[in-house]
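This is a predicted model, so every value here is computed, not measured. Atom set for the values below is all heavy atoms of this structure, side chains included, hydrogens, waters and symmetry mates excluded. We name chains A, B, ... by the order of the sequence lines, and we start the count at 1 in each one.
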Protein chains: 2
Amino acid sequence: MTTIYDIAKKTGFSITTVSRALNNYSDVSEKTKKLILDAVEEMHYYPNSVARTLSTKKSWALGIIFVEDLGIGMKHPFFNSVIEGFKKSVEKKGYDLIFLNRNVGGVKMSYLDHAVHRGVDGIAVVSSNYDDSEVEKIIASTLPNVIIDLHSTKSNVVYSDNLHGCELAIEHLYSLGHRKIAHIAGHPKTFVGLERLKGFKSAMKNHGLDIHKPFIVDGGLFSAEGGYNAMLKLLQMKDRPTAVFAAGDNMAFGAMKAIREAGLKVPEDFSVIGFDDIELAGEYTPSLTTIKQDMDRIGEKAAEVLLQEIDHKFEPSTCIIPVELIKRESTKSI
Amino acid sequence: MTTIYDIAKKTGFSITTVSRALNNYSDVSEKTKKLILDAVEEMHYYPNSVARTLSTKKSWALGIIFVEDLGIGMKHPFFNSVIEGFKKSVEKKGYDLIFLNRNVGGVKMSYLDHAVHRGVDGIAVVSSNYDDSEVEKIIASTLPNVIIDLHSTKSNVVYSDNLHGCELAIEHLYSLGHRKIAHIAGHPKTFVGLERLKGFKSAMKNHGLDIHKPFIVDGGLFSAEGGYNAMLKLLQMKDRPTAVFAAGDNMAFGAMKAIREAGLKVPEDFSVIGFDDIELAGEYTPSLTTIKQDMDRIGEKAAEVLLQEIDHKFEPSTCIIPVELIKRESTKSI
DNA sequence: ATATTTGACGAAAGCGCTTTCGAGAATGTG
DNA sequence: CACATTCTCGAAAGCGCTTTCGTCAAATAT
């Protein structure tokens with residue numbers, strides 16, 4: 001590995017001058033700068049980021065953690081989309097992404113401790129869970145951070161406009177003539193589960209529809225199975241809904257499967273609308289009408305906010321990313 | 001941030017002794033060791049990994065890169081599954097994962113240079129492309145590395161048993177009575193595209209079926225669109241195949257869409273079989289018969305091989321991960 | 001008793017880089 | 001011409017840790 005000393009030796013300047021030339025200091029003449037940069041090129045030298053970090057306290061690395069109970073981690077379609085958007089944005093600014101976990105060399109430590117141990121410049125958290133002590137610790141810390149899909153007044157947060165999304169969904173179903181609308185809710189320990197339930201209720205109210213309690217069924221952790229089981233309950237009722245608004249696409253798929261297995265059809269017998277617009281939504285048969293979350297934008301925005309906190313100083317911000325109704329085949333007028 | 005000096009000051013020992021106590025050296029008495037560890041606990045001290053890395057040349061970080069032309073990065077279902085498996089395995093051994101890209105602070109550099117710059121202990125590459133100069137550079141380097149979904153005799157490689165997978169697919173279709181079997185091939189610049197094409201031909205031969213050239217159509221970069229377009233060509237033929245083997249699930253979905261739009265049905269008019277078993281495969285209607293790749297296992301195996309190269313020394317290995325036929329609704333007997 | 005080994009610890013160098021401080025040369029000012 | 005400035009550059013300290021080498025006292029051997 002070639003070091004700054006090698007460049008110094010080769011050019012005859014001191015390592016101080018080499019360092020200055022590399023970092024564009026003004027007090028090094030154009031001539032020697034060129035000499036040095038040529039040598040750098042020739043010897044294929046790249047500064048060692050570890051050494052640089054040690055002396056500057058700036059690692060140009062960002063930590064990312066995700067908290068979810070399914071154990072699918074990066075396979076989670078929402079997470080990986082958001083992270084991809086985040087990653088692309090921060091890379092443009094010269095940051096690397098590092099996954100933080102909770103054990104270092106066999107020793108369990110908190111995410112925050114791990115982040116400090118690694119010397120990252122900031123942390124992005126994608127969390128589905130409501131009160132997570134790990135996340136709270138990060139929020140309370142002085143390390144710049146941004147939280148995705150969770151609300152807090154004490155930190156930077158970024159999430160979709162869940163309430164408006166629900167409004168769009170109910171509005172759409174209402175305009176198709178549906179009045180008996182069920183909601184397959186996300187788990188109450190998740191922020192978006194709660195938000196969308198709230199949004200559902202408020203949207204129903206706004207349309208002058210009253211909320212039939214049994215029509216609100218728990219769909220669990222946003223999985224297809226959860227949606228399937230929830231739909232089974234709805235199918236057992238004598239007075240069934242005509243439309244189902246699921247708090248997540250996967251739950252909508254599960255619901256449609258239950259409907260199909262009951263010998264009924266979507267959208268003829270039930271209109272179904274989801275939330276997320278995961279890739280599968282457009283491919284499924286029938287394709288799924290849903291509320292599209294702009295995951296790329298969420299990731300980008302999170303990057304923007306985090307880098308801003310790192311560069312300048314801190315003031316908690318809340319970014320609500322717009323959502324959009326995507327009309328497809330799974331909903332029709334009554 | 002508390003440092004080793006703080007612990008030294010508090011306990012009255014030298015930093016040398018503190019360091020030794022932390023690293024379980026034998027030449028520190030049990031008594032002082034306990035004193036030091038207590039102070040560590042109390043002061044909530046964690047060694048700074050940057051400083052440690054600088055002096056030990058071991059970063060406990062692994063770089064990961066993926067090379068693909070679709071620009072979807074982490075959203076790629078194969079990539080993220082493999083990476084999740086890889087991540088879980090290496091984390092257990094105390095390694096962190098860091099995404100490598102090609103620019104550092106505005107300066108374009110190669111993946112390999114970036115890895116060296118960051119001081120990672122090894123690199124995992126997930127590459128769909130055949131000859132990538134970046135990947136070749138990594139293979140040729142002395143930095144421990146493992147390549148997923150690509151073959152090379154000069155490095156550690158891990159990939160699915162594509163050939164046997166094709167054998168299973170054709171065997172299945174054959175056993176259902178199909179004789180006119182088409183293949184929607186993956187892009188010839190991808191390793192798996194070529195492998196599966198080869199596997200298709202060889203399997204056909206093994207079953208005494210001759211290969212009708214026009215029945216081999218290019219499906220592009222494994223996308224649904226590619227499969228859709230390929231299927232259109234197949235549908236235009238006067239003498240159509242009765243079964244279609246797509247080199248990837250997404251292409252199979254595209255093909256099924258084309259079939260549906262042509263007013264035909266799967267599996268009544270065409271049997272369709274895919275390759276991958278992505279999550280969607282089981283959810284789709286009709287659910288897709290496919291060859292299941294064990295992405296978790298691929299990730300785990302890659303981790304195993306890479307860590308072994310890091311710890312011990314190097315001998316190029318090729319790991320072929322078994323695949324499995326998953327029978328679902330999209331295939332039926334003729 | 002003296003000589004030798006062992007056990008427990010500290011001083012100091014070094015990892016590769018940045019940055020402060022200051023010095024000498026070149027330039028400008030009166 | 002003497003002086004103050006401005007340009008260029010180098011010496012050295014420091015970032016937080018590991019590790020080599022050595023020291024000194026206690027334990028053991030002779």
Just how far, in rounded Å, is [atom2] of [N] from [atom1] of [X]?
{"X": "A:Ile15", "N": "D:dG10", "atom1": "CD1", "atom2": "P", "value": "10 Å"}
{"X": "B:His117", "N": "C:dC17", "atom1": "NE2", "atom2": "P", "value": "10 Å"}
{"X": "B:Lys58", "N": "C:dG16", "atom1": "NZ", "atom2": "C1'", "value": "20 Å"}
{"X": "A:Ile7", "N": "C:dC17", "atom1": "CD1", "atom2": "C1'", "value": "13 Å"}
{"X": "B:Lys9", "N": "C:dG10", "atom1": "NZ", "atom2": "C1'", "value": "17 Å"}
{"X": "A:Leu22", "N": "C:dG16", "atom1": "CG", "atom2": "P", "value": "15 Å"}
{"X": "A:Met1", "N": "C:dG16", "atom1": "CE", "atom2": "P", "value": "7 Å"}
{"X": "B:Tyr5", "N": "C:dA12", "atom1": "OH", "atom2": "P", "value": "12 Å"}

Touch class at under 4.0 angstrom, heavy-atom based, for B:Phe13 against every strand present: sugar-phosphate
Under 4.0 Å, counting only non-hydrogen atoms across every strand here, what does A:Gly119 touch: a base, just sugar-phosphate, or nothing? nothing
Among [options], which nucleotide sits nearest the side chain of [X]?
{"X": "A:Thr16", "options": "D:dG16, C:dG16, C:dT20", "answer": "C:dT20"}
{"X": "B:Thr3", "options": "D:dG16, C:dT18, D:dT18", "answer": "D:dG16"}
{"X": "B:Asn48", "options": "D:dG10, D:dT19, D:dG16", "answer": "D:dG16"}
{"X": "B:Ser19", "options": "D:dT18, D:dC17, C:dT19", "answer": "D:dT18"}

Applying side-chain hydrogen bond (donor to acceptor under 3.5 Å, both in side chains), name anything that partners B:His44, two or more places apart in sequence or on another chain. A:Asp113
Contact check, residues 23-39 of chain B vs DNA chain D, heavy-atom distance under 4.0 Å, returns B:Asn23, B:Tyr25
Is the distance from the ring center of B:Phe222 to that of B:Phe78 below 6.0 Å? no
Taking only Lys NZ, Arg NE, NH1 and NH2, and the carboxylate oxygens of Asp or Glu, determine whether A:Lys10 and A:Glu42 approach each other closer than 4.0 Å. yes
Do the side chains of A:Asp296 and B:Lys75 get close enough for a salt bridge, i.e. N-O under 4.0 angstrom? yes
Starting at the 5' end of DNA chain C, which residue's closest nucleotide do you reach first, B:Leu54 or B:Ser14? B:Ser14
Does the C:dA8 base have a donor-acceptor partner in the side chain of B:Thr17 within less than 3.5 Å? no
Assign each of B:Pro47 and B:Arg20 to its nearest nucleotide of DNA chain D by heavy atoms, then name whichever residue's nucleotide is nearer the 5' end. B:Pro47
Can you confirm whether A:Lys58 is buried at NZ, in the sense that more than 12 heavy atoms of other residues, nucleotides or ligands lie under 6.0 Å from that atom? yes
A:Lys9, NZ atom: more than 12 neighbouring heavy atoms under 6.0 Å: no
Relative to the ring of B:His151, is the ring of B:Tyr159 parallel (under 30°), tilted (30 to 60°) or perpendicular (over 60°)? perpendicular
